[in-house]
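As structure tokens, the structure follows; a few thoughts come after it.
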Amino acid sequence: MEVLVIAGGARSLGKYLSIKFSEKKYKVIVLDIDENSLNELKKENDNLITYVCDLTDEKNVINTFDNIDKEYGGINKFIYNAGYANSNIITKFEYDKFITSLNINLNGYFLCSKEVAKNMIKYNIKGSIAQINSKSGRVGSKHNSGYSAAKFGAVGLTQSLALDLAEYNIRVNSFMLGNLLDSEMFESLIPQYAKKLNIKESEVKQYYIDKVPLKRGCSFEDVFNILEFYISDKANYCTGQSINLTGGQVM
Ligand SMILES: NC(=O)c1ccc[n+]([C@@H]2O[C@H](COP(=O)([O-])OP(=O)(O)OC[C@H]3O[C@@H](n4cnc5c(N)ncnc54)[C@H](O)[C@@H]3O)[C@@H](O)[C@H]2O)c1
């Protein structure tokens, strides 16, 4: 059974992906900072293996991947899903929130990918690394300077990792999602978006749906389907890409 590690997989999209991939041919290992959600997840599906890990803490990340190596050996697939968004106009954007965004969206991706790459090379695995990105990593995003800057940075990291790891046949790609309108992250941003757009909170989701040519938000299932293909051997000739999944909103 192939080993698939999901970083930031305890809640929301990550939880959905963890469960769906464990129902396929993968042994799924979930890393997350949120111990309670990891325990809940384990209760729902005890095939999942969980580790509490702060993905932004270098020592914590190194120890966690050392433990995974000791317990399970080689990693075949890795998905970096952890994200953080906070919305505000630049003149009021707090620097510590900008730094938090860089830490969770970008630096954690660096720290994990480094350990994953060492593991895949050690076991001579022609593996695949996927980073969950956003359309805000493709075009600038109003009142989202921290998020957009970090997600753009992650595209540069993906391309560089793809070049570093091509000689080992390890593929690295980013996935540029449209709005996951039913996610906790999007729900939490609704008050800030209503303020930015000067509309009622109840009108925010429809406002975002109207911007999408396919007239709906991105679903968790959309993300699973595209990831399942791109991390598989069927996408063997695809690396260093940032693949749009936006219902046509960003091309
Ligand atoms: N929600 C959206 O509308 C939307 C749109 C486009 C892209 N995305 C991206 O999709 C991904 C998932 O989005 P979501 O809304 O489900 O995110 P989320 O913030 O709800 O969940 C991310 C997971 O990461 C974990 N996490 C956060 N910081 C961590 C840390 N330091 N160490 C370990 N784990 C940590 C959280 O506990 C959570 O389980 C993110 O990368 C996000 O940027 C989301």
Side-chain angles (χ1 to χ4, degrees), residues 5-20 29-42 48 50-61 63-65 78-87 97 99-112 130-139 141 144 146-155 157-158 174-190 192-193 204-205 207-209 211-212 216-224 226-227 242-247 249-250:
V5 176
I6 301 190
R11 289 189 285 113
S12 193
L13 173 64
K15 173 180 175 178
Y16 181 89
L17 296 175
S18 300
I19 291 172
K20 288 287 279 191
I29 301 175
V30 184
L31 318 183
D32 208 286
I33 199 170
D34 181 347
E35 190 169 4
N36 289 338
S37 297
L38 280 179
N39 291 338
E40 289 301 312
L41 182 63
K42 187 93 184 126
L48 296 171
T50 58
Y51 286 87
V52 180
C53 177
D54 179 352
L55 302 167
T56 68
D57 180 307
E58 185 178 16
K59 278 200 186 116
N60 203 175
V61 170
N63 287 338
T64 302
F65 280 96
F78 174 66
I79 300 173
Y80 190 84
N81 173 71
Y84 167 86
N86 182 269
S87 172
K97 293 198 167 131
I99 297 296
T100 300
S101 183
L102 292 182
N103 280 336
I104 298 176
N105 292 299
L106 177 60
N107 299 357
Y109 174 38
F110 167 82
L111 292 173
C112 291
Q131 183 248 347
I132 304 299
N133 204 299
S134 160
K135 60 182 167 48
S136 303
R138 172 79 72 215
V139 289
S141 179
N144 274 328
Y147 187 66
S148 191
K151 293 295 197 190
F152 262 77
V155 171
L157 180 53
T158 290
S174 284
F175 296 84
M176 323 305 276
L177 315 187
N179 292 116
L180 299 166
L181 293 179
D182 297 324
S183 65
E184 290 165 34
M185 181 193 275
F186 192 87
E187 300 272 354
S188 75
L189 291 167
I190 284 179
Q192 296 163 59
Y193 284 173
V204 168
K205 280 194 183 177
Y207 173 90
Y208 281 97
I209 288 171
K211 294 173 100 169
V212 182
R216 64 176 178 84
C218 184
S219 71
F220 290 175
E221 193 184 0
D222 292 324
V223 183
F224 171 74
I226 203 159
L227 278 177
S242 38
I243 293 144
N244 293 335
L245 184 61
T246 66
Q249 187 178 353
V250 171

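Note that ligands are numbered from 1 as they come in the structure, with each ligand's atoms numbered from 1 the same way. Just so you know, these numbers use all the heavy atoms, side chains as well, and skip hydrogens, waters and symmetry mates. By convention here, the first residue in the shown sequence is residue 1. Computed from a predicted structure; not experimentally measured.
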Check: Which is it for Leu31 and Leu55 under the side chain to side chain contact (heavy atoms under 4.5 Å, CB included) test, yes or no, and what are the steps along the way?
Finding: CA-CA 8 Å; Leu31 318 183; Leu55 302 167; 4.1 Å; yes
Check: Do the ring planes of Phe186 and Tyr193 sit parallel (below 30°), tilted (30 to 60°) or perpendicular (above 60°)?
Finding: perpendicular
Next item on the list: Any atoms of ligand 1 less than 4.0 Å from a non-hydrogen atom of Thr56? List them with their elements.
Entry: 31 (N)
Margin query: Tell me the contacting part of Ala82 for ligand 1: side chain, backbone, both, or neither, using a 4.0 Å heavy-atom threshold, strictly below.
Written below: both
Note to self: Tell me which one of Tyr109, Phe175, Phe110 satisfies ring pair (Phe, Tyr, Trp, His ring centres under 6.0 Å) with Tyr80.
What the structure shows: Tyr109
Check: In the protein, which heavy atom is nearest to atom 23 (C) of ligand 1, and how far is it?
Finding: Gly8 O, 3.5 Å
Checklist line | Within-shell test, Leu189 vs ligand 1, heavy atom, strictly < 4.0 Å | finding: no
Next item on the list: Closest by any non-hydrogen atom to atom 42 (C) of ligand 1: pick that one out of Tyr147, Tyr84, Tyr208.
Entry: Tyr147
Checklist line | Selected option - heavy-atom contact closest to atom 40 (C) of ligand 1, from Asn81, Leu13, Val30, Ile132 | finding: Asn81
Checklist line | From CA spacing to verdict: side-chain hydrogen bond (donor to acceptor under 3.5 Å, both in side chains), Lys151, Asn133 | finding: CA-CA 6 Å; Lys151 293 295 197 190; Asn133 204 299; 5.3 Å; no
Notebook entry, point to check: Where the closest heavy atom to atom 14 (P) of ligand 1 is concerned, which of Ser12, Ala150, Ser188 has it?
Noted result: Ser12
Margin query: On a heavy-atom basis, I'd like to know which of Asn36, Asp34, Asp54, Ile6 is closest to atom 30 (C) of ligand 1.
Written below: Asp54
Notebook entry, point to check: Quick one: nearest non-hydrogen protein atom to atom 19 (O) of ligand 1, plus distance?
Noted result: Gly83 O, 3.4 Å
Next item on the list: To the nearest 0.5 angstrom, please state how far the CG atom of Asn86 sits from the CG atom of Asn144.
Entry: 8.5 Å
Note to self: Looking only at protein heavy atoms, which one is nearest to atom 25 (C) of ligand 1, and what is the separation?
What the structure shows: Asp32 OD2, 3.4 Å
Margin query: What I'd like to find out is whether the side chain of Leu181 reaches to under 4.5 Å of the side chain of Tyr208, using heavy atoms alone.
Written below: yes
Notebook entry, point to check: Looking at Asn133, which atoms of ligand 1 are within less than 4.0 Å of one of its heavy atoms?
Noted result: 7 (C), 9 (C)
Next item on the list: Give a yes or no on this: more than 12 heavy atoms of other residues, nucleotides or ligands lie within 6.0 Å of atom CD of Glu35.
Entry: no
Note to self: Distance under 4.0 Å to a non-hydrogen atom of Ser183: what atoms of ligand 1 satisfy this?
What the structure shows: 1 (N), 2 (C), 3 (O), 15 (O)
Check: Less than 4.0 Å between a side-chain N and a carboxylate O, is that true for Asp34 and Arg11?
Finding: yes
Next item on the list: Could you pull out the closest heavy-atom pair between Ile226 and Ile243, with the gap in Å?
Entry: CD1-CG2, 4.0 Å
Item checked: Option whose closest heavy atom lies nearest to atom 38 (C) of ligand 1, chosen from Met176, Met185, Gln131, Arg11 -> Arg11
Notebook entry, point to check: So which protein heavy atom does atom 29 (C) of ligand 1 come closest to, and at what separation?
Noted result: Ile33 CG2, 3.8 Å
Note to self: Among all protein heavy atoms in this structure, tell me which lies nearest to atom 3 (O) of ligand 1, with the distance rounded to 0.1 Å.
What the structure shows: Leu180 N, 2.9 Å
Checklist line | Atoms of ligand 1, numbered as shown, that sit under 4.0 Å from any heavy atom of Gly178 | finding: 5 (C), 6 (C)
Note to self: Looking at atom 8 (N) of ligand 1, tell me if a protein heavy atom falls under 4.0 Å from it.
What the structure shows: yes
Margin query: If the threshold is 4.0 Å, N to carboxylate O, is there a salt bridge linking Asp222 and Arg216?
Written below: yes
Margin query: Using every non-hydrogen atom in the two residues, find where Thr246 and Met176 come nearest and quote the distance to one decimal.
Written below: CG2-O, 3.5 Å
Margin query: Quiz question: by atom type and distance under 3.5 Å, do the side chains of Glu184 and Ser12 form a donor-acceptor pair?
Written below: no
Next item on the list: Just jot down the ligand 1 atoms closer than 4.0 angstrom to any heavy atom of Ala10, in number order.
Entry: 39 (O)
Next item on the list: Evaluate the 4.0 Å heavy atom contact test for atom 21 (O) of ligand 1: does a protein atom fall under the cut-off?
Entry: no
Next item on the list: Enumerate the atoms of ligand 1 whose separation from the nearest heavy atom of Ile104 is less than 4.0 angstrom.
Entry: 28 (N)
Notebook entry, point to check: Any idea which protein heavy atom is nearest atom 32 (N) of ligand 1, and the distance to it?
Noted result: Leu55 N, 3.0 Å
Next item on the list: Any chance you could measure Ile132, atom CD1, to Ser174, atom OG, to the nearest 0.5 Å?
Entry: 8.5 Å
Next item on the list: Starting at OH of Tyr16, measure out to CG of Asp182 and round the result to the nearest 0.5 Å.
Entry: 12.0 Å
Next item on the list: Between Lys151 and ligand 1, find which residue part has any heavy-atom pair under 4.0 Å and reply side chain, backbone, both or neither.
Entry: side chain
Next item on the list: Could you tell me which atoms of ligand 1, counted from 1 in the order shown, lie closer than 4.0 angstrom to a heavy atom of Cys53?
Entry: 32 (N), 33 (C)
